[in-house]
2 protein chains.
Amino acid sequence: MAARRTSTKEPNAAGSPVSMADLARELGVSMTTISRALSDHHSIGPATKQAVLRLAKKLNYQPNHLAAALRKGKSKLLGVIVPYIEGRFFASVVHGIETAASKAGFSVIICQSGEDVAHERKNIETLLSAQVAGILVSVSLTTQDFRHFEKVRKHGVPLVFFDRLVEGDNVNAVVLNDREGGYLATRHLLEQGCRRVAHFAGMQHLNIYKNRRQGYLDALQSYDIAPDESLIMDCNMSLESGANCMAALLDLPNPPDAVFSAGDSAVLGALQLLKSRGIRVPQDIALAGFSNEALTQVAEPMLTSVDQRCEEMGQAAFRLFTELVAAEGTAFSQRQVVLQPQLFVRASSLRQDTV
Amino acid sequence: MAARRTSTKEPNAAGSPVSMADLARELGVSMTTISRALSDHHSIGPATKQAVLRLAKKLNYQPNHLAAALRKGKSKLLGVIVPYIEGRFFASVVHGIETAASKAGFSVIICQSGEDVAHERKNIETLLSAQVAGILVSVSLTTQDFRHFEKVRKHGVPLVFFDRLVEGDNVNAVVLNDREGGYLATRHLLEQGCRRVAHFAGMQHLNIYKNRRQGYLDALQSYDIAPDESLIMDCNMSLESGANCMAALLDLPNPPDAVFSAGDSAVLGALQLLKSRGIRVPQDIALAGFSNEALTQVAEPMLTSVDQRCEEMGQAAFRLFTELVAAEGTAFSQRQVVLQPQLFVRASSLRQDTV
DNA sequence: TTGTAAGCGTTATCAT
DNA sequence: ATGATAACGCTTACAA
């Protein structure tokens with residue numbers, strides 16, 4: 001046991017990391033053997049394997065993913081870009097992604113674009129430099145130019161959009177059937193006997209808001225009701241915006257008897273305004289929102305809303321990524337996964353006691 | 001322009017990444033020059049530098065952070081471990097961290113422990129393997145054994161705790177002054193004339209809940225009120241738990257006239273139960289919570305609550321990390337950053353019209 | 001079953 | 001101001 005320090009390089013000192021070379025030297029075998037033992041290669045003696053594993057544990061060996069990734073040309077890092085991480089929707093989607101990813105051995109790098117294209121472009125650069133295995137993104141509100149996404153494709157990095165898309169259909173994406181969601185909510189209001197249903201519409205260049213509005217129109221049509229442009233309000237989905245839109249609608253010569261909002265905060269704003277004016281919900285005006293945020297169950301009356309399956313969306317996005325990786329060489333058929341929305345009916349829209 | 005394909009290696013084909021070697025070959029200079037030009041080294045001719053940068057842009061050169069990190073032994077990755085990412089608090093802290101980190105050129109790897117130590121241990125392994133430059137963590141509820149954090153220290157990786165700590169003070173941490181928060185809320189209830197203030201207490205092995213409770217006791221003492229054990233309820237901070245605790249308190253021979261809850265959901269549960277029984281808030285029972293969640297402003301009446309400065313906490317945690325890096329060689333003095341809580345007084349606790 | 005050695009893309013040391 | 005070359009820690013043909 002005196003014959004230790006015989007190697008050319010000094011063994012690791014105090015805080016320095018222990019590498020495969022260290023294990024090899026200590027055990028008197030080659031690095032190949034170490035590598036094989038650790039990666040559970042088939043051609044490896046069970047005895048040596050045990051010895052390697054034991055020593056690795058004893059010396060607190062920590063594999064260096066960076067080095068492996070560099071050599072293999074493939075990392076176990078996954079890039080995710082969201083406009084911001086706060087708020088139930090994106091947080092839940094990220095939760096879903098991270099859970100699925102970590103199960104498959106991937107680590108998630110999170111980036112926020114802050115609803116700013118410039119930032120989004122920088123995020124892409126960063127992720128490509130980090131050599132991520134794939135990028136999952138929900139585009140910012142201000143994204144109109146898509147060259148930075150082209151770049152990702154050029155680098156051969158799998159790209160999956162979720163919820164918010166870029167224009168054009170030749171992309172891989174996981175989306176909610178927003179149109180169906182808009183239809184379900186509006187149809188429900190009509191079934192409750194409402195006949196002048198207003199709509200708080202979001203920015204129409206975003207697929208999600210465009211589709212929710214379309215679903216609203218579909219529902220009206222199914223009841224043979226001609227859409228009334230004065231009932232369709234431009235809304236940025238904030239609480240204040242919702243209150244303002246509601247106030248404007250009340251000033252109409254012929255106000256609505258229901259509102260379907262493309263977002264929950266706005267419908268809460270409307271509710272607060274209505275209550276402040278002594279207008280009853282749902283008796284005088286029925287309300288329905290979109291996103292099924294936590295606040296819908298705190299408001300009084302509780303708010304009817306369309307659930308976006310946030311977590312499933314995250315899982316689906318990751319699964320689509322893995323499918324893209326698997327289909328690497330294959331003919332590149334773009335895939336779209338569409339999730340079905342679910343309407344949660346609550347007091348804000350229930351005019352009749354009939355279930 | 002015909003004399004291109006003269007190199008030993010084929011230039012990059014379609015989707016293959018372009019490396020420094022490619023730039024060097026194309027420009028007829030050495031890799032060293034390329035590296036220097038790109039990293040803005042001082043000894044580099046302005047003309048060559050321009051040429052390199054131009055070519056890099058033209059060929060869409062993307063630096064490989066992995067290779068750089070491997071060589072330098074220092075990555076630009078930062079590991080963050082939270083129990084879960086949903087919910088205003090952690091999402092906001094992560095937001096704060098990511099914003100500060102990306103400004104400083106760091107990418108954030110997000111991990112969720114799911115309130116499970118085993119997962120937390122795995123997260124640590126993953127992050128160490130990813131060669132992160134530092135780890136920021138808020139421990140899981142079930143963490144009682146701290147050896148995995150010791151390992152981080154052994155690997156020489158800076159470690160910063162935020163909000164939830166491990167026992168012992170020889171750690172770097174950013175925390176809220178929870179005791180002060182508990183004091184402020186309780187004191188406020190006392191100032192409103194309440195004399196039997198109950199407390200929904202969280203799990204006492206967690207620093208945050210222990211401190212909030214201590215602040216509650218401090219406030220009682222400042223009013224010379226002896227604590228009544230029957231008014232201190234064990235609560236897991238869920239909506240249901242809050243309702244149950246409230247119900248139990250109402251069954252007391254001498255019920256409370258106020259409740260300070262260590263969490264917001266629980267106080268909402270209490271509010272709902274009180275309303276269902278026709279007990280007025282705040283006239284009969286005043287309420288105050290902790291965290292200043294969004295729901296506090298949706299509930300009716302709006303809920304008084306202690307704000308946790310989530311975003312500042314994230315920023316501070318990142319700043320502490322950078323300070324640790326800067327003080328690498330220096331004597332390792334552990335640092336604790338303490339943030340001051342802020343009480344938001346709302347209708348649920350306002351018995352008097354006096355401001 | 002095990003060993004040798006080349007190479008991933010970068011940076012750093014030493015020359016020139 | 002620029003170049004040649006070794007090294008970071010790992011994987012993987014190719015040999016033995």
Side-chain angles (χ1 to χ4, degrees), chain A residues 7-12 16-52 56 59-77 128-133 155-156, chain B residues 8-12 16-52 56 59-77 128-131 133 155-156:
Chain A
S7 53
T8 51
K9 285 184 187 176
E10 277 298 301
N12 63 315
S16 84
V18 35
S19 72
M20 285 192 174
D22 296 321
L23 300 182
R25 197 180 326 108
E26 194 80 9
L27 231 58
V29 298
S30 79
M31 275 183 56
T32 314
T33 304
I34 304 292
S35 175
R36 283 179 176 142
L38 293 174
S39 54
D40 209 32
H41 194 274
H42 62 274
S43 69
I44 184 80
T48 32
K49 181 163 137 188
Q50 281 313 310
V52 171
L59 296 193
N60 243 299
Y61 168 74
Q62 200 71 40
N64 185 331
H65 284 2
L66 255 55
L70 176 61
R71 174 60 230 255
K72 295 202 282 198
K74 269 297 163 199
S75 82
K76 280 291 201 175
L77 296 173
L128 288 178
S129 279
Q131 308 295 116
V132 293
H155 279 257
Chain B
T8 51
K9 284 186 188 176
E10 277 299 301
N12 61 316
S16 85
V18 37
S19 72
M20 286 191 174
D22 297 320
L23 301 182
R25 198 182 324 108
E26 194 79 11
L27 230 59
V29 299
S30 78
M31 276 180 52
T32 311
T33 303
I34 303 292
S35 176
R36 282 178 178 143
L38 292 174
S39 53
D40 208 33
H41 193 275
H42 64 273
S43 68
I44 183 79
T48 33
K49 182 163 137 189
Q50 282 312 311
V52 170
L59 295 192
N60 242 299
Y61 167 75
Q62 201 70 41
N64 186 331
H65 284 2
L66 255 56
L70 175 60
R71 176 59 231 252
K72 295 201 280 198
K74 269 297 164 198
S75 82
K76 278 293 200 174
L77 296 173
L128 289 178
S129 280
Q131 307 296 116
H155 279 257

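Heavy-atom basis, side chains included; hydrogens, waters and symmetry copies ignored. Just so you know, these numbers come straight off a predicted model, no measurement behind them. In what follows, every chain begins at residue 1, and chains take the letters A, B, ... in the order their sequences are listed.
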_Checking A:His41 against A:Ser39: is there a side-chain donor and acceptor pair closer than 3.5 Å?_
no
*asked:* Ignoring hydrogens and geometry beyond distance, is a side-chain donor-acceptor pair present between B:Thr32 and B:Ser35 at under 3.5 Å?
replied: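 Short answer, no.
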Could you tell me how far apart [X] ([atom1]) and [N] ([atom2]) are, to the nearest whole angstrom?
X	N	atom1	atom2	value
B:Asp22	C:dC8	CG	P	11 Å
A:Asp40	C:dT1	CG	C1'	15 Å
A:Ile34	C:dT2	CD1	P	11 Å
A:Leu38	D:dC10	CG	C1'	11 Å
B:Leu27	D:dA1	CG	P	17 Å
B:Gln131	D:dG9	CD	P	9 Å
A:Met20	D:dT12	CE	P	11 Å
B:Met31	C:dG7	CE	P	14 Å

What nucleotide, of [options], holds the atom closest to the side chain of [X]?
X	options	value
B:Ile44	D:dT2, C:dT10, D:dT12	D:dT2
B:Arg36	D:dG3, D:dA13, C:dG9	D:dG3
B:Leu70	D:dG9, C:dT2, D:dC10	D:dG9
A:Thr48	D:dT2, C:dT2, C:dT10	C:dT2
A:Ser19	C:dG9, C:dG3, D:dC10	D:dC10
A:Ser30	C:dT4, D:dG9, D:dT12	C:dT4

*Kindly indicate whether the side chain of B:Gln131, heavy atoms from C-beta on, has any atom under 4.5 Å from the side chain of B:Leu77.*
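Sidechains of B:Leu77 and B:Gln131: no contact.
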*Determine the contact category for B:Ser39: base if any of its heavy atoms lies under 4.0 Å from a base atom, sugar-phosphate if only primed atoms, P, OP1 or OP2 are that close, otherwise nothing.*
nothing
*asked:* Students often get this wrong, so: under 4.0 angstrom with heavy atoms, is A:Gly73 touching a base, only sugar-phosphate, or nothing?
replied: nothing
*asked:* Counting only side-chain nitrogens and oxygens, does B:Tyr61 get under 4.0 Å of the OP1 or OP2 atom of C:dT10?
replied: yes
*Hey, which of these two, B:Lys72 or B:Ser43, hits DNA chain D nearer its 5' end, going by closest nucleotide?*
B:Ser43
*Locate the shortest heavy-atom distance separating A:Val18 from A:Asn60; write the atom from each residue and the value.*
CG1-O, 3.8 Å
*May I ask you to decide if B:His65's main-chain N or O and A:Ser129's side chain share a donor-acceptor pair within less than 3.5 Å?*
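A pair under 3.5 Å: no.
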*Hey, does the side-chain of A:Thr32 have a donor or acceptor N/O within less than 3.5 Å of a partner on the base of C:dT4?*
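Yes, a donor-acceptor pair under 3.5 Å.
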